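What follows is one structure encoded as structure tokens, with my remarks underneath.
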Amino acid sequence: MHTFKFTRPADSSAAVAAAAQAKTAQQGADARFIAGGTTLLDLMKLNVETPARILDINRLPLDKIEAAPDGGLKIGATVRNSDLAHHPTVQRDYAVLSQALLSGASAQLRNMATTAGNLLQRTRCMYFRDTAMPCNKRAPGTGCAAITGSNRMLAVLGTSEQCIATNPSDMCVAMAALEATIHVQGARAARAIPFSDLHLLPGNTPNRETLLEPGDLITHVTLPPPVAGSRQVYLKLRDRASYEFALASAAVIVTVAGGKVTRARVALGGVGTKPWRSPEAEAALVGQDASAASFRKAAEAAMRDAKPQSENGFKIELAKRCLAHALQTAVTSSLAGS
Ligand SMILES: Cc1cc2nc3c(=O)[nH]c(=O)nc-3n(C[C@H](O)[C@H](O)[C@H](O)COP(=O)(O)OP(=O)(O)OC[C@H]3O[C@@H](n4cnc5c(N)ncnc54)[C@H](O)[C@@H]3O)c2cc1C
Ligand code: SF4
């Protein structure tokens, strides 16, 4: 049976110092922070994660949602997903984030899951979670069972010969579109990581999923000030209406003036190996009519480099329709946040 030592560090510095003893980075490391536990404990029960040391960060003062000095928002690492989704400022100014959070998991899970834990949740690829199967992400060099196996849920963007696993987070898709910044206290210094740099493409090292180094503690996330007049929508398509991961999802933040799109931020979920910001779709939208034809063109641009596997080719058209529909909803619906 797997045994581990459980401690509650007195403050962030003690937590960082203890975690910095790990030989590898956060994910798969032998010393691990635990927040809500909804990813880590599941994977420990499956023997996919076997940390020797667990550091409980729930008592650290990282659970506040506050106005940032620049007019944006500061979200503590241990803020629960449900508290973030229902916060009045988030619902008013960052509606895409609230919608994405509420589309994820179940009410019970959202009550436990935290901001940082959600950022670092791991793929739901079935072979990753089964220690009897080859998986380059879990056991580097063993191969990828999904490429010749069951890959219906897996990625079509950002894949490599080594791994085609999807990043499963909904919250991250909204944060990609919102251009969040991740703040980290490390063993040497504190630093700020632009959201688009946090997650790595699998390439030849799918076991390395983020930029984080041993000891790195995510302390908070900041969002830039809201963009006046923007419309925001998160649309998630999945096999059943709740308690299911995305087959395809889209987070859109658009501003329209005089019938033309003047600003667009677009990210996709369920189709990429990381939360997938699409500068191609954004460029295709800006300056164009806010029309169904433009939205379809933007969706084509977003999926231009998609590479289907044996079972997931349907995701390419699904993602295009998801994005086009999200854009249409954003510009026409009174439900879209502004
Ligand atoms: C049945 C089920 C269904 C789900 N459905 C969805 C869904 O539809 N959409 C979706 O987006 N998600 C879904 N999830 C995933 C869920 O959102 C994540 O499990 C959750 O967000 C993880 O947060 P946590 O606080 O519980 O993380 P934990 O399990 O505590 O930690 C996860 C990882 O983050 C690290 N970590 C935690 N905090 C920090 C920190 N401050 N600094 C550095 N590292 C840290 C841990 O060491 C660990 O590696 C589902 C989960 C389950 C079990
Ligand atoms: S897709 Fe990635 S996570 Fe899934 S089996 Fe292949 S290497 Fe492992």
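Atoms within a ligand are numbered from 1 in the order they appear, just like the ligands themselves. When reading the values below, keep in mind they use all heavy atoms of this one structure, side chains included, and skip hydrogens, waters and symmetry mates. Nothing here was measured: the structure is a model prediction, and the numbers come from that model.
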Using a strict cut-off of 4.0 Å, indicate which atoms of ligand 2 neighbour a heavy atom of Gln162. 7 (S)

Within ligand 1, which atoms have a heavy atom of Gly104 less than 4.0 Å away? 7 (C), 8 (O), 9 (N)

If you measure only the distance, is there a donor-acceptor pair under 3.5 Å linking the side chains of Gln108 and Asn111? no

In ligand 2, which numbered atoms sit nearer than 4.0 Å to a non-hydrogen atom of Lys137? 3 (S), 7 (S)

Taking 2.8 Å as the cut-off, does Cys125 contribute an N, O or S atom near atom 4 (Fe) of ligand 2, distance below it? yes

Measuring from the heavy atoms of Glu244, does anything fall under 4.0 Å of ligand 1? yes

Do Thr78 and Asn58 get their side chains close enough for a donor-acceptor pair, meaning under 3.5 Å? no

Between ligand 1 and Phe33, is the shortest N or O to N or O distance under 3.5 Å? yes

Provide the number and element of each atom of ligand 2 under 4.0 Å from a heavy atom of Phe128. 3 (S)

Identified salt bridge (Lys or Arg N to Asp or Glu O under 4.0 Å) partner of Glu300 from the options Lys297, Arg304, Arg296: Arg296

Run the contact test for Glu49 against ligand 1 with a 4.0 Å cut-off on heavy atoms, strictly below, and give the result. no

Should you measure from each heavy atom of Ala116, which atoms of ligand 1 turn up under 4.0 Å away? 38 (N), 39 (C), 40 (C), 41 (N)

Could you tell me, atom by atom, which parts of ligand 1 come under 4.0 Å of a heavy atom of Ala77? 41 (N)

I'd like to know if the side chain of Glu280 reaches the main chain of Ala301, judged simply by a donor and an acceptor atom lying under 3.5 Å from each other, with no hydrogens or angles considered. no

Checking the side chain of Arg138 only, and the main-chain atoms of Tyr127 only, is there a donor and an acceptor separated by less than 3.5 Å? yes

Could you tell me whether Arg124 and ligand 1 have an N or O pair separated by under 3.5 Å? no

For Asn118, the atoms of ligand 1 under 4.0 Å from one of its heavy atoms are 17 (O), 21 (O), 22 (C), 23 (O)

Would you mind finding which of Ser169, Gly269, Ala105 brings a heavy atom closest to atom 8 (O) of ligand 1? Ala105

Starting from atom 3 (S) of ligand 2, what is the nearest protein heavy atom, named by residue and atom, and what distance separates them? Cys135 SG, 3.6 Å

Strictly under 2.8 Å, is atom 2 (Fe) of ligand 2 approached by any N, O or S atom of Cys163? yes

Hey, does the side chain of Ser294 reach the backbone of Leu285 with a donor-acceptor pair shorter than 3.5 angstrom? no

State the atoms of ligand 1, each with its element, that fall below the 4.0 Å cut-off from a heavy-atom position in Asp216. 43 (C)

